[in-house]
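These notes are about the structure you will find just below.
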2 protein chains.
Amino acid sequence: MRLGKATTYAVFAVLYIAQQKKSKPVQGHEIARNYGIPLEYLLKILQQLVKAQVLISERGRTGGFQMRKSASQTTVLDIVEAVEGPITGEISARREITGASRAKKIVEGLCRDSAGFTRSLLKKVTVQKLIG
Amino acid sequence: MRLGKATTYAVFAVLYIAQQKKSKPVQGHEIARNYGIPLEYLLKILQQLVKAQVLISERGRTGGFQMRKSASQTTVLDIVEAVEGPITGEISARREITGASRAKKIVEGLCRDSAGFTRSLLKKVTVQKLIG
DNA sequence: GGCGATTTACTCGGATAAGCATTGTCCGAGTCAGAAGGG
DNA sequence: CCCTTCTGACTCGGACAATGCTTATCCGAGTAAATCGCC
């Protein structure tokens, strides 16, 4: 399991937002400055989190981002899948390889098991637990 | 767990080689023809498997590829790591993100656990089991 | 001074380039089988 | 007929492009606060 930059940014951005006491929205540039993340890129990632129902956004001068659900109801899996898409186990050249269907099914099963384990692992950890 | 094309080719190529009864080397073009894989690309992948001590190669007119160890001593993990490099759990922007060290360690732990599980999973399955 | 229209500064939002890994291709080095030729 | 030599075709091997995805950036749409003018 290797988390890409985008996903890593996403996790820590959500963490930062969840840690805010105030109910005011947190603005992108504040997160970017704190972690040294390129602002425009971060915004793009935050938008994906909004689409995936992890965050809510507000426009305008006092706008920003807020948690949609509470920190204890938001899991790391939610964040990761929002950015990378669903974690699914599959092999790439499924169509090219003809025959060897038995072996193919076994290998696909392995991938699925790995993906399933990873999903359950990430689902167990909430943002609340990350805060501590 | 998503296996790239190269890795998938590698698994089925090794499977094909292991299935050969004769002790003669199997030639690349035979595998490529059987599975519809681009020959030159397959050769490149097979070379990686040779470097990783999974296969042995022989040049010349009667050359080709053979298993280095027996099918029951060669695991899917050996093949996958030969092509993709070692399966390790890590986050990408480790340096960029400053602070939040507690959360960082937790997330890194998740990645390691996922990687460890996947490794053990792939290690359990030998090429012999794929043949059936 | 109070109220409202306007400006303005700031936000998010989606479309657009740059960098890098994966995938795919080409030509050269090496090696053995088999033909050619002489004994 | 048999052995040696040589040729040639076929192999793997490593260096060289094309493609696709991740990463990064830019400019436009939207919103509320602050400003300015009028009453």
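Just so you know, these numbers use all the heavy atoms, side chains as well, and skip hydrogens, waters and symmetry mates. Per chain, numbering begins at 1; letters A, B, ... match sequence-line order.
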Interatomic distance, B:Lys44 NZ vs C:dT25 C1' [rounded to whole Å]: 11 Å
Rounded distance in Å - CZ (B:Arg2) to C1' (D:dG20): 11 Å
Protein-nucleotide distance (A:Lys24, atom NZ; C:dC10, atom C1'), rounded to Å: 14 Å
D:dT25 phosphate, OP1 or OP2, under 4.0 Å from A:Tyr41 side-chain N/O: no
A:Tyr41-A:Leu39 co-clustered via ILVMFWY side chain contacts under 4.5 Å: yes
A:Ala6 side-chain proximity, nearest of D:dT23, C:dG13, D:dG13: D:dT23
Nearest-angstrom distance from the residue atom OH of A:Tyr9 to P of D:dT22: 15 Å
Side chain to side chain contact (heavy atoms under 4.5 Å, CB included) between B:Leu55 and B:Met67, worked out: CA-CA 5 Å; B:Leu55 300 177; B:Met67 298 294 290; 3.9 Å; yes
Distance-only donor-acceptor test, B:Glu40 side-chain atoms vs C:dG24 base atoms, 3.5 Å: no
Criterion side-chain contact (heavy atoms from CB on, under 4.5 Å) against A:Val127, the qualifying member of A:Thr75, A:Ile79, A:Val76: A:Ile79
Whole-Å distance separating the CG atom of A:Leu39 from the P atom of C:dG13: 13 Å
Aromatic ring pairing A:Phe117/B:Phe117, orientation class (parallel under 30°, perpendicular over 60°, tilted between): parallel
Value in whole Å for how far the P atom of D:dA24 lies from OH of A:Tyr35: 17 Å
A:Leu49 CG - C:dC12 P separation (whole Å): 13 Å
Between protein and nucleotides 8-11 of chain D, what N or O pairs are separated by less than 3.5 Å?
unit_1: D:dT11; atom_1: OP1; unit_2: B:Gln27; atom_2: OE1; d: 3.0
unit_1: D:dT11; atom_1: OP1; unit_2: B:His29; atom_2: NE2; d: 3.0
unit_1: D:dT11; atom_1: O4'; unit_2: B:Gly60; atom_2: O; d: 2.9

Spacing of B:Leu3 atom CG relative to C:dT22 atom C1', expressed in whole Å: 14 Å
Given C:dG24, D:dG13, C:dG14, the nucleotide with the shortest approach to the side chain of A:Gln47: C:dG14
Below 4.0 Å: OP1/OP2 of C:dT11 and any side-chain N or O of A:Ser57: no
